[in-house]
Every structure is written in structure tokens, then in C-alpha cells.
Undergrad: 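The structure's right below; bear with me while I get my questions together.
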Amino acid sequence: MWFVFSLLTTFAWGGADLFYKKGTDSNDKFSHLKIVIMVGLVMGLHATAYLFIKGLAFNPIDLLKYLPVSAFYILSMTVGYIGLRYIELSIASPVQNSSGAITAILLFIFFPHELGIVHIAGVAIITAGVLGLAILEKKAESAALKLTNVQIDKKYQIGFLAITFPIIYCILDGLGTFADGIYLDELKLISEDAALLAYEFTFFICAVLSFIFFKVIKKEKFQIFKERDKGYAAILETTGQFFYVFAMAKNAIIAAPLIASYSIFSIILSRIFLKEKLSKKHYAVIVVVMLGIALLGFADEL
């Protein structure tokens with residue numbers, strides 16, 4: 001079932017990525033806090049409902065036990081939300097998702113696995129496809145800027161903001177996913193349900209603190225029910241998180257790079273709903289990644 005859970009996570013997070021893009025205002029310096037608030041709110045509601053529906057007994061100690069993983073994830077996501085304001089000038093979101101390769105390498109180094117040639121080929125193809133997509137998007141962005149003769153401050157064109165956000169996200173997310181693989185799969189330090197609840201309640205706490213900072217200290221206006229795109233993104237993010245925990249608990253070393261390919265589905269959804277144009281090279285990369293996913297699905301049945 002890890003393969004099915006991984007695919008469901010990938011679809012959900014690909015959809016969330018679409019709405020993150022739609023709901024981010026490049027001129028709003030607090031857009032990242034608004035997303036944190038929306039995601040944390042939805043996760044808190046989901047965790048509470050899940051707790052009572054399944055009749056679970058949640059131990060607050062699990063918040064502290066799972067905090068290293070939660071911290072890596074929440075920090076990486078917040079950095080990613082900030083980077084969304086500069087997405088058109090960045091190396092693009094697929095670079096962030098190369099974190100799956102980092103996780104797989106770390107897990108293989110510290111917890112050696114016997115992987116079949118099909119698994120290795122599938123992971124290699126998916127990772128190459130994600131990086132290839134990042135290169136294509138960067139070239140497309142550069143070409144578009146030249147055609148429109150847009151004059152942009154050098155600090156946004158070159159490295160610091162353009163490169164730093166995706167790289168920081170990649171490192172933090174890769175370490176978080178590596179830690180998750182240890183907690184859920186390798187050493188079984190925490191159950192799937194406890195990890196899910198600990199993470200979602202931690203995110204909810206961050207949302208409350210962000211809301212207090214936003215409303216009380218900064219005295220900014222924020223109307224939750226008018227943030228529809230951020231709300232849809234939060235719902236899809238939470239849905240993906242639900243399936244993600246169970247995927248990582250079963251086969252973290254393979255699930256991590258597979259789930260990291262969700263940027264491919266984000267591109268497909270952007271083509272369908274945002275009418276973004278894709279080149280033949282984009283379609284070729286998508287086919288390559290789909291082939292890698294198919295190989296992992298085939299290997300799961302062996």
C-alpha cells in the first residue's frame with residue numbers, strides 16, 4: 001500500500017502547489033504568514049477530528065518527541081512560502097523537491113537497504129526528471145524576461161533570493177524527511193497516528209502564534225474566509241500529509257523520491273487550470289517521470 005499512499009500524497013501536494021501559486025501575492029510581504037495560518041488551522045481541525053473519530057488517546061509528550069521532524073518540515077515549508085513571492089525568478093519549485101534524492105541517499109548511507117535494479121532505476125529516473133524540469137523552467141523564465149524587456153533588480157535575477165530559498169527548502173525538507181524515515185520506518189520511534197497528530201498540532205500552534213503576531217503586533221487585516229486559494233491549498237496539503245505518514249512508515253527510502261515528484265503533477269494541473277503553455281521538452285520530462293513512477297509501481301508488485 002505504500003505505493004498507493006505515495007501516489008495519493010503526490011496528487012494532493014501537486015494540487016496544493018497549484019493553489020499556493022494562485023493564492024500568493026508577490027507584493028504581500030506577509031503572504032507566507034497567511035499561508036502558515038491557513039495550513040495550521042486546517043491541520044489543527046483535521047487532527048482534532050481524527051483524534052475523536054478514531055477514539056485515539058493523544059499523549060502531549062509526542063509533540064516533543066516528534067518536534068525535530070516537525071521543526072524541519074515547518075521551517076522548510078515557511079521558507080518555501082516566502083520563496084513563492086519570487087517563484088517567477090527562482091530556479092523553480094522542482095529544485096526544492098530534489099530533497100527526495102537527499103533523503104534516499106542519507107537513508108541508504110545510514111540504514112543500508114538491498115534495493116533491486118528496478119527500484120534504483122525508478123528513483124534515478126524520477127530524480128533526473130525533476131531536476132530536468134527545473135532547468136527547463138529556468139530557461140523558460142529567462143527567455144520570457146528577455147522578450148518582455150523587464151528590468152529587474154540584480155539581487156532578484158541572480159542568486160541570493162532566486163537560489164537561496166529553493167536550496168534552503170531542499171536541505172531542510174531533505175533532513176526532515178530523513179528524520180521521518182528514521183522515526184517511522186527504520187527505528188519505529190513513533191506510530192503513524194501519533195506522528196500525524198503531533199505534526200498537525202505543532203503546525204496549529206505555529207499558526208496561532210503567527211496569527212497573534214500578524215494581528216496583535218503588526219495589526220494587519222486578515223479575513224480567513226476570503227483566502228479561498230490558500231484554504232484549498234491548506235486542505236490539499238493536509239490531505240497529502242495524512243497519506244504521506246503512512247507511505248513513509250512502510251518504505252521511506254523509495255517513497256521519499258517518489259513523493260518529491262509532485263511538482264510534475266503541479267505542472268500538469270497548471271496546464272489544465274491555469275492554461276500555462278508547455279513545450280515539447282516539458283512533455284518529454286513528464287513522460288520520463290511517469291515512466292519512473294511506473295517502474296516503482298511494477299517493482300512493488302514483484
Side-chain angles (χ1 to χ4, degrees), residues 12-13 15-52 58-90 93 96 153 155-156 160-161 164-166 168-169 171-173 175-176 179 194-242:
W13 283 352
D17 210 23
L18 172 70
F19 285 106
Y20 284 140
K21 290 178 182 179
K22 289 184 63 179
T24 298
D25 181 357
S26 59
N27 296 316
D28 183 1
K29 63 181 180 180
F30 294 115
S31 63
H32 61 291
L33 286 183
K34 293 178 181 178
I35 298 175
V36 168
I37 292 169
M38 293 301 294
V39 173
L41 175 61
V42 173
M43 285 196 175
L45 291 172
H46 175 262
T48 302
Y50 188 72
L51 184 67
F52 286 106
F58 179 67
N59 188 347
I61 295 299
D62 289 334
L63 288 174
L64 295 176
K65 182 188 294 186
Y66 199 64
L67 187 58
V69 181
S70 298
F72 276 126
Y73 279 149
I74 295 172
L75 280 172
S76 69
M77 291 175 70
T78 303
V79 168
Y81 298 152
I82 297 172
L84 284 173
R85 299 208 301 271
Y86 313 100
I87 192 69
E88 69 274 18
L89 305 174
S90 70
S93 60
Q96 300 177 359
D153 193 311
K155 69 179 179 180
Y156 296 111
F160 189 71
L161 287 178
T164 301
F165 289 122
I168 292 176
Y169 176 97
I171 293 172
L172 290 174
D173 188 65
L175 291 173
L196 178 66
L197 293 172
Y199 175 68
E200 293 189 340
F201 280 134
T202 301
F203 214 127
F204 177 71
I205 292 171
C206 291
V208 171
L209 294 175
S210 297
F211 184 79
I212 292 172
F213 173 81
F214 192 75
K215 296 288 287 187
V216 177
I217 298 177
K218 291 298 181 179
K219 300 186 184 302
E220 295 283 338
K221 293 181 180 180
F222 182 54
Q223 296 176 302
I224 292 177
F225 294 105
K226 288 189 176 182
E227 300 287 347
R228 292 186 178 181
D229 287 330
K230 293 182 179 65
Y232 295 144
I235 291 171
L236 288 167
E237 182 72 45
T238 303
T239 301
Q241 184 63 37
F242 174 78

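Worth knowing before you read on, the calculation uses all heavy atoms, side chains too, and leaves out hydrogens, waters and symmetry mates.
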Undergrad: Run the ring-centre check on F242 versus Y50 and record whether the distance is less than 6.0 Å.
TA: yes
Undergrad: Residues two or more places apart in sequence or in another chain: which of them pass ring pair (Phe, Tyr, Trp, His ring centres under 6.0 Å) with H32?
TA: none
Undergrad: In the structure I gave you, are the side-chain heavy atoms of K230 and F19 within less than 4.5 Å of one another anywhere?
TA: no
Undergrad: Contact between E200 and T238 at the side-chain level, heavy atoms closer than 4.5 Å - yes or no?
TA: yes
Undergrad: Would you indicate whether the side-chain heavy atoms of T24 and I35 approach each other to under 4.5 Å?
TA: yes
Undergrad: Start with the C-alpha gap between M38 and V42, add the side-chain angles, then the distance that decides, and say whether side-chain contact (heavy atoms from CB on, under 4.5 Å) holds.
TA: CA-CA 6 Å; M38 293 301 294; V42 173; 5.6 Å; no
Undergrad: Please report the C-alpha distance between T78 and I74 in whole Å, then the side-chain angles of each, then the deciding distance to 0.1 Å, and finally whether the side-chain contact (heavy atoms from CB on, under 4.5 Å) criterion is met.
TA: CA-CA 6 Å; T78 303; I74 295 172; 4.2 Å; yes
Undergrad: Identify the heavy atoms of M77 and Y199 that sit nearest to each other, and give their distance.
TA: SD-OH, 3.2 Å
Undergrad: So which of I37, V216, L33, V36 actually passes side chain to side chain contact (heavy atoms under 4.5 Å, CB included) with F211?
TA: I37
Undergrad: State, yes or no, whether a side-chain contact exists between K65 and N59 at a heavy-atom distance under 4.5 Å.
TA: no
Undergrad: Under the criterion side chain to side chain donor-acceptor pair (under 3.5 Å), which of K221, E227, K226 is the partner of Q223?
TA: K226
Undergrad: Can L197 and D62 be said to form a side-chain contact (heavy atoms from CB on, under 4.5 Å), step by step?
TA: CA-CA 9 Å; L197 293 172; D62 289 334; over 6 Å; no
Undergrad: Could you check Q241 against H46 for side-chain contact (heavy atoms from CB on, under 4.5 Å), going step by step and ending with a plain yes or no?
TA: CA-CA 11 Å; Q241 184 63 37; H46 175 262; over 6 Å; no
Undergrad: Between Y73 and D173, is there a side-chain heavy-atom distance shorter than 4.5 Å?
TA: yes
Undergrad: Which atom pairs, donor and acceptor, lie under 3.5 Å between side-chain atoms of residues 201-209 and protein residues at least two apart or in another chain?
TA:
from: T202; atom 1: OG1; to: A198; atom 2: O; distance (Å): 2.6

